[in-house]
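Everything on this sheet refers to the single structure shown next.
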Amino acid sequence: MSATINADLFSKYFGNAPTIHIPGLTFPVQELFLEDVLEKTRYADADISSVYKSYSASTRQSLEAWSGSETDLGLVEATIEYICRHEGPGAILVFLTGWDEISKLLDNVKSNNFIGDPSKFLVLPLHGSMPTINQREIFDRPPSGMRKIVLATNIAESSITIDDVVYVIDCGKAKETSYDALNKLACLLPSWISQASAHQRRGRAGRVQPGICYRLYPKMVHDAMLQYQLPEILRTPLQELCLQIKSLQLGAIGSFLAKALQPPDALSVQNAVELLKTIGALDDAEELTPLGRHLCTLPVEPNIGKMLLMGSIFQCVNPALTIAAALASRSPFVLPINRKEEADEAKRFFAGDSCSDHIALLKAFEGWKEAKRSGNEKSFCWENFLSIQTLKMISDMRLQFLDLLSDIGFVDKSKGANVYNQYSDDMEMVCAILCAGLYPNVAQCKRRGKRTALYTKEVGKVDIHPASVNAGVHIFPLPYLVYSEKVKTSSVYIRDSTNISDYALLMFGGNLIPSKNGDGIEMLDGYLQFSASKSVLGLIKKLRGEVDRLLKRKIEDPKLDVNVEGKGVVAALVELLHNQNVRY
DNA sequence: GAGCACTGC
C-alpha cells in the first residue's frame, strides 16, 4: 500500500478491524451449539448420524434435517421457551436476519401459551426502520418479574447495546450486501456471519453478569465460517473510490487497486471507470474532467454529486439539496410492524400524482419543516410515519452540501436563496435534474396490456420495489423511470424511482448519437432509441448542444451567471419540459 | 408485495 492513502480510506475499503476483546470489561459467556440446544430443548424427536453419536436420537435426527437455508423460527421459539422455563432472570436477545423474521417471530411468541401471563413478558422488535429504535423501553430494565425479549437484526451487534441481556440466541446469519459485477447489481442476501461477528454476538450476553449464548447452528458450521467478513472493497460498487484515487493522484486506477491487500475484481473496477466516463467525470484517457474535479469535493456518490451541481445550475437548489441528502442517508419513513398499509399510504400521499419516490421524499421533508415552524413537529411525524431523527440528519447534511456548493463557487450565499430557486416549485424541472443526476440508471416502461413492464440495459426485466410509491402504478404517464438503486433480493428491484419524459432524457441523459439508419437518436449504446421528424430532431439536437455548451462554461467557471448568460437556453428548456405529454 | 448495518469528509 502507498503511504499516501489516509487511514479512513484504508479502513473503509481495505478491511474491517476485528472486534477487540478487552478482558475484564465483559463477563464470561457460555457457548452452546445447535447439538447442545437440541439436546436441551428436545425440539424434535427421532433418528441417526455418526458424528453426533454421543447425542440423543432426536438430536441426531434434527441435525440431519437441519437446513442452513433459512432460520428455523420454531427452534428459536423453543429456545426462548426453554430459557423462560429453566434459566434465571435476565433479558433475551435474539439475532435474526431481517424484518420478515422479526415480524413472524413476534406474532408466534406473543401467541405462544408458554408465555402464560403476558404481563410477565415484554417482547420488542428492534430493526433500523422500525420506530421502536428510538424508544426507551428497549434499554430500560423491565420491572422485576418481567422478562424482556428483544428480537433484533445486526443492529444489536454493535450499534445498539442493551445492557441487561443475559441470554443471546444467534441464528448465525445476517443480510449482507455484495456486488455482482457481471450484472452491475448490488445484492442484499442472507449469508453466514463471520466468526468475528459470532464472537461479538456472544459477547452481548455478558455485560452485567455471566451469560449464555445459544447458537442455532452446529459447531462444524461455526468452524467453517470465515474468520472475518469480506472487506468492503470486494462487496460494493467502486465509483466513489475510483474518483478519490484520481483526485489523490495515486496513478492509474486499475494498477493502483491491483496493489490492494485483496484487490477487487477487474470487472468491478472496469464498471466503475465506465460509469465515471458515462456521467462525464472522467475522459477517455481516465483523467478527471472539470466536472470530475468538482465531484471529488462532494462527499457523496458521483451521481448524487452531479444532481447537486445540476440543481444549483438550473435554479432548483433546494429540492436538489433535499433529495441528495435523503438519498445519502437512510429513508426518513419508518415502518411500524402492524401498520404497514397506513405507512405506504402516507408515502403515496406525499408523492401525489408525481409517480416519484424522490418527490415523496422532498414533500415529506418540506412538510416536516413547515410543521416544525408551526410547532406540531411531533404529531406531523407520528401521523405521517416519519423519523424526526432521520429528518434532522437530512437537514444537517443539506446545510453541509450547501456550504460545499458555496465553497466551489456554484452558490453565492450573498445573492440570497431566491436566485438559486427560481424553478424549485417546478416539478418538471426537478424531475429533469433527477434525470441528470441518476443517469444512466434508466428503465424503459413498456406497456403490456393493462400493465407496464420495466426493462434495464444490464439485467433486462426488473420490478419496482414494493415499498415504492410506483409499486401499484399500472400505466405510467411518461415512458421512462430513473432510479437511485437497483438491488437483488428475492427479485431484482429498482428502489426509489421517478417517472420522466423523453425530453428530460434527451436534454439531461447521455450523449445523443445519431442512429445507424440516420433518422433517429440513440443513447446508452443504442439501448434507448428516439425517433421524430427531421425538423424536431434538428431542434432537439440544437437545444441540447446549447445546454451542453452552457454547462461546460458554467462548470469550467462556476462564477458564470446562468440567469444572464443562459437565460434563453433555460427558458427554452423549461418550455420543452412542460410539453412532455406531446408524443412524436 | 418487501424493508442487514456502518463510515467519512
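If you're wondering where the values come from, they're calculated on a predicted model, not measured in any experiment. So you know, we letter chains A, B, ... as the sequences are listed, proteins then strands, and number each from 1.
The side chain of A:Arg330 contributes an N or O atom lying less than 4.0 Å from OP1 or OP2 of B:dC6. OP1 and OP2 of B:dA2 both lie 4.0 Å or more from every side-chain N or O belonging to A:Thr489. Side-chain nitrogen and oxygen atoms of A:Thr97 include none within less than 4.0 Å of the OP1 or OP2 phosphate oxygen of B:dC4. Considering only side-chain N and O atoms, A:Ser159 lies nowhere under 4.0 angstrom from the phosphate OP1 or OP2 of B:dA5. Between A:His465 and the phosphate of B:dG3, there is a side-chain N or O to OP1/OP2 separation shorter than 4.0 Å.
Across the interface with DNA chain B, nearest-nucleotide mapping of A:Gln400 and A:Ser129 shows A:Ser129 to be the residue nearer the 5′ end. Position along DNA chain B of the nearest nucleotide to A:Ala328 versus A:Leu126 favours A:Leu126 as the more 5'-ward residue.
The CD atom of A:Glu485 sits 14 Å away from the C1' atom of B:dA5 (whole-angstrom rounding). The NZ-C1' distance, from A:Lys340 to B:dG1, rounds to 8 Å in whole Å. The CD1-C1' distance, from A:Ile102 to B:dG3, rounds to 11 Å in whole Å.
Side chain of A:Thr322 to main chain of A:Asn318: a donor-acceptor pair is present (N/O by atom type, distance under 3.5 Å, no hydrogens or angles).
At a cut-off of 3.5 angstrom, the base of B:dG8 holds at least one donor-acceptor pair with the side chain of A:Glu240. At a cut-off of 3.5 angstrom, counting only N and O atoms as typed in the model, there is a donor on one side and an acceptor on the other between the side-chain of A:Asp344 and the base of B:dG1.
Taking the side chain of A:Leu335 as heavy atoms from C-beta on, and the options B:dC4, B:dG1, B:dG3, the nearest nucleotide is B:dG3.
Checked against ring pair (Phe, Tyr, Trp, His ring centres under 6.0 Å), A:Phe333 has no partners two or more places apart in sequence or in another chain.
Pairs of residues two or more places apart, or lying in two chains, that qualify as salt bridge (Lys or Arg N to Asp or Glu O under 4.0 Å) and include a residue from residues 152-165 of chain A are A:Lys148-A:Asp164, A:Glu157-A:Arg201, A:Asp163-A:Arg207.
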Checking side chain to side chain contact (heavy atoms under 4.5 Å, CB included) for the pair A:Phe350/A:Leu386: CA distance, chi angles, key distance, verdict? CA-CA 12 Å; A:Phe350 286 119; A:Leu386 289 163; 4.2 Å; yes

